[in-house]
Amino acid sequence: MREIKDAGQKPPKKPLIFYYLIALLVLFLLNALVFPSLMSPKVVEVSYNEFLNMIDEGQVKQVALEESSGQLVFLADVSEEGAETAADSGQYGIFKTGIWPDDGQRLLEQLRSDPDIQFTAEIPTQSNPLLSFIMTWILPVFFFILIGELLSRWMMKRMNKQMGGGFGNAMSFGKSGAKVYVEETETGVTFADVAGQEEAKESLKELVDFLHEPEKYAKIGAKLPKGALLVGPPGTGKTLLAKAVAGEAKVPFFSISGSEFVEMFVGMGAAKVRDLFKQANEKAPCIVFIDEIDAIGKKRDAGGLSGNDEREQTLNQLLAEMDGFDARRGVVMLAATNRPESLDSALLRPGRFDRRIPVELPDLAGRIAILKVHAKDVKLGDDVNWDLIARATAGASGAELANIVNEAALRAVRQGRNVVMQEDLEESVETVIAGAQRKNAVVSTSEKKIVSYHEIGHALVAAMQSHSAPVTKITIVPRTSGALGYTMQVDEGEKMLMSRTEIYNKIATLTGGRSAEELIFGKENMTTGASNDIEQATKLARAMITRYGMSDEFDMTAMETVQNQYLGGDTSLTCAPETASKVDAMVTQIIKEAHEKAMKILKENEGKLHELAAYLLEKETITGEEFMKILERSEGQTRE
């Protein structure tokens with residue numbers, strides 16, 4: 001895609017200096033074509049004899065010698081005689097004559113003997129009235145205007161920087177500022193560049209097909225959807241999908257952010273909306289894409305006391321424009337947001353954004369496809385296994401997967417290799433999840449021992465439960481995220497649902513680290529290393545009761561709502577204070593039972609706990625295979 005211009009369809013008005021330049025050019029052309037005699041005063045050439053006669057008659061007044069041509073130029077009074085040969089410029093005429101050979105000395109004496117003749121360096125040419133007017137009046141004014149124009153532009157830039165762009169925007173009142181892209185041969189983004197979003201691509205391909213063959217839909221009476229809203233978490237490819245639609249349709253693509261409509265001055269946002277749709281109608285068929293539309297599309301306050309009239313005016317104008325334009329002309333509206341719950345209902349009704357397209361986090365197959373797309377320009381080793389990397393990155397967005405591939409390539413360069421190996425990709429996954437290794441971190445032997453037992457406690461509890469993800473890696477190498485170690489578990493397949501037993505076992509696994517510390521070092525020596533485990537366990541236990549309906553007392557009652565599901569999923573209770581107190585008590589009970597279960601498992605396998613912790617303390621990092629090999633040496637172990 002190639003950007004062709006930034007602002008409106010109409011070119012900006014020419015600055016004042018442009019018109020002054022045109023006027024100056026016209027004046028010079030008048031001098032050259034209409035008044036050529038004024039531009040070059042006429043000089044009459046006379047014979048040497050005539051020159052001597054004019055001296056004798058007292059007509060010569062001033063004489064000058066042209067050294068380059070060897071000729072005399074003189075000014076003579078021709079008011080009475082010879083006027084027909086002189087330039088028509090008053091009483092005097094300008095003449096030129098050659099010098100007779102070897103006559104210079106005699107001529108000089110003759111000229112000196114006449115007191116009325118003056119010697120001068122050059123004969124002053126007659127002034128051009130029009131040129132004199134230009135030089136005296138036009139040019140000084142022109143230069144003053146030029147200096148003022150340059151100074152004002154410099155001051156405008158300074159003020160624009162100091163005010164964060166606000167002053168400059170005020171000077172371009174009403175211009176949408178949309179970036180316009182057009183299709184370029186063999187370049188741009190297409191659906192081939194988008195992976196892991198097959199359902200979203202299928203929905204958008206219909207829009208592309210309509211733009212290519214509108215008559216096929218017109219025959220049956222079908223109408224093109226006026227707008228499609230892309231919703232999903234950050235980094236899933238919403239903007240990329242919009243560009244891919246424009247690349248496939250080969251039509252102009254208007255791209256603008258919702259925040260660009262919101263201005264300091266009331267009415268500017270609405271004017272920009274009008275200008276944007278005016279441009280779109282002129283370039284139809286085309287695609288208009290508004291990124292982060294929630295900046296202007298938030299729900300309007302019922303009482304009209306929202307305190308932001310400018311944003312509401314912009315939204316009202318957008319609603320009116322979407323109702324006004326004709327979808328049959330092929331103007332397609334696309335918008336993207338990660339906060340669909342905050343949008344005004346009038347914006348989402350049929351006839352405006354007819355289609356809502358989820359762009360969710362990719363599944364296992366989608367992650368594999370995304371990794372391959374981002375690795376197509378990366379040199380890979382023969383041992384790269386995309387399936388293992390995709391399973392280890394459950395819940396990662398497309399942007400995070402692209403970052404993982406890039407981090408692996410950077411690590412390969414640091415290691416002095418020219419290809420990316422599997423170990424580079426695995427380390428980059430850990431870098432994105434837990435941070436880079438802190439190679440210079442100094443951890444005392446006693447703390448390393450505590451961390452070893454803590455991590456083995458997690459792994460041992462997970463391994464001894466039947467409904468738990470397998471352990472793939474355990475490490476006590478400190479990370480930049482602040483973690484002194486971690487235990488990685490990776491499911492063998494893609495899981496979309498979790499049972500009550502699986503959640504409960506996960507809570508028990510989270511309590512396994514603190515349980516190991518209590519068992520080996522005593523409760524009085526427990527550390528702060530379990531803070532993140534406690535936070536995750538509490539969230540899971542609360543969700544079991546308030547959101548998943550997994551308690552006997554409250555049955556299937558929802559007592560918590562999720563806000564901003566694509567931006568962290570914050571929750572808020574929707575129950576009475578007495579009920580909230582009961583929920584707190586039940587959460588505490590669930591975590592307490594899971595803690596007791598983890599403690600029981602560790603006590604029953606205390607020997608293996610010591611053996612595995614000592615091995616981890618020595619190696620610092622062990623794989624899931626090493627862990628299971630040591631664990632399976634004993635007999636009679638059963639999973640709960």
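Quick note: residue numbers are just sequence positions, from 1.
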N/O donor-acceptor pair under 3.5 Å between [X] side chain and [Y] backbone:
X      : Y      : result
Lys379 : Asn418 : no
His374 : Ile404 : no
Gln317 : Val273 : no
Asn281 : Lys278 : no
Gln489 : Ala469 : yes
Lys283 : Pro252 : no
Asp555 : Asp552 : no
Gln197 : Glu360 : yes

[atom2] on [Y] to [atom1] on [X], rounded to 0.5 Å:
X      : Y      : atom1 : atom2 : answer
Thr337 : Ile293 : OG1   : CD1   : 8.0 Å
Gln422 : Ile389 : CD    : CD1   : 4.5 Å
Asp294 : Lys299 : CG    : NZ    : 12.5 Å
Ile507 : Gln536 : CD1   : CD    : 11.0 Å
Phe261 : Leu318 : CZ    : CG    : 7.0 Å
Glu260 : Thr314 : CD    : OG1   : 12.5 Å

**Q.** Test log, rule side-chain contact (heavy atoms from CB on, under 4.5 Å), inputs Phe277 and Met322
**A.** CA-CA 9 Å; Phe277 278 86; Met322 290 189 71; 4.0 Å; yes
With heavy-atom distances below 4.5 Å as the criterion, would you say the side chains of [X] and [Y] are in contact?
X      : Y      : result
Arg411 : Arg417 : yes
Tyr217 : Glu206 : yes
Glu199 : Ile357 : no
Gln415 : Met421 : no
Arg391 : Asp491 : no
Asp387 : Leu364 : yes

Minimum heavy-atom distance [X]-[Y], with the two atoms named:
X      : Y      : value
Gly258 : Ile296 : O-CG2, 3.3 Å
Phe353 : Leu347 : CD1-O, 3.3 Å
Leu510 : Ala537 : CD1-N, 3.6 Å
Pro362 : Gly196 : CB-O, 4.1 Å
Ala390 : Arg367 : O-NE, 2.8 Å
Leu425 : Ser428 : O-OG, 2.7 Å

Q: Would you check, one step at a time, whether the test side-chain contact (heavy atoms from CB on, under 4.5 Å) holds for Met544 with Leu540?
A: CA-CA 6 Å; Met544 286 177 67; Leu540 282 173; 5.6 Å; no
Q: Quickly, which of Leu240, Asn338, Thr236, Val231 forms a side-chain contact (heavy atoms from CB on, under 4.5 Å) with Val359? Name it, please.
A: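 Running side-chain contact (heavy atoms from CB on, under 4.5 Å) over Leu240, Asn338, Thr236, Val231 with Val359 returns exactly one hit, Thr236.
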Using a cut-off of 6.0 Å, state whether more than 12 heavy atoms not belonging to [X] lie near its atom [atom1].
X      : atom1 : answer
Lys506 : NZ    : no
Lys298 : NZ    : no
Asp382 : CG    : no
Lys205 : NZ    : yes

Q) Does the pair Asn316 and Glu312 meet the rule for a side chain to side chain donor-acceptor pair (under 3.5 Å), with working shown? A) CA-CA 6 Å; Asn316 291 335; Glu312 289 199 5; 5.3 Å; no
Q | Qualifying residues under salt bridge (charged side-chain N to carboxylate O under 4.0 Å, His left out), relative to Asp209, sequence neighbours excluded | A |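 Only Lys216 meet the salt bridge (charged side-chain N to carboxylate O under 4.0 Å, His left out) criterion with Asp209.
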Q | Counterpart residues, salt bridge (charged side-chain N to carboxylate O under 4.0 Å, His left out), relative to Arg339 (two or more places apart) | A |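 Not a single residue meets the salt bridge (charged side-chain N to carboxylate O under 4.0 Å, His left out) criterion with Arg339.
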Q) Step by step, would you call Phe554 with Met586 a side-chain contact (heavy atoms from CB on, under 4.5 Å)? A) CA-CA 11 Å; Phe554 297 117; Met586 294 177 69; 3.3 Å; yes
Q: Would you please test Lys272 and Glu321 for salt bridge (Lys or Arg N to Asp or Glu O under 4.0 Å) and show each step?
A: CA-CA 11 Å; Lys272 287 189 173 186; Glu321 292 290 344; over 6 Å; no
Salt-bridge test for [X] and [Y]: reply yes if a basic N is under 4.0 Å from a carboxylate O, no otherwise.
X      : Y      : answer
Glu560 : Arg542 : no
Glu430 : Lys473 : yes
Asp193 : Lys243 : no

Q.
Applying side chain to side chain donor-acceptor pair (under 3.5 Å) to Thr393 and Glu400, what does each step give before you reach the verdict?
A. CA-CA 9 Å; Thr393 53; Glu400 290 171 328; over 6 Å; no
Q: Name the orientation class of the two ring planes belonging to Phe289 and Phe253 (parallel below 30°, tilted from 30 to 60°, perpendicular beyond 60°).
A: parallel
(Q) Show, in sequence, the C-alpha distance, side-chain angles and deciding distance for Ile590 and Ile545, and conclude whether the side-chain contact (heavy atoms from CB on, under 4.5 Å) test is met. (A) CA-CA 10 Å; Ile590 290 174; Ile545 300 168; 3.8 Å; yes
Q | Sequence-distant partners of Leu207, side-chain contact (heavy atoms from CB on, under 4.5 Å), two or more places apart | A | Leu204, Leu224, Pro225, Ala228, Val332, Leu334
Q.
Under a 3.5 Å threshold, yes or no: a donor from one side chain and an acceptor from the other, between Ser257 and Ser259?
A.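 Short answer, yes.
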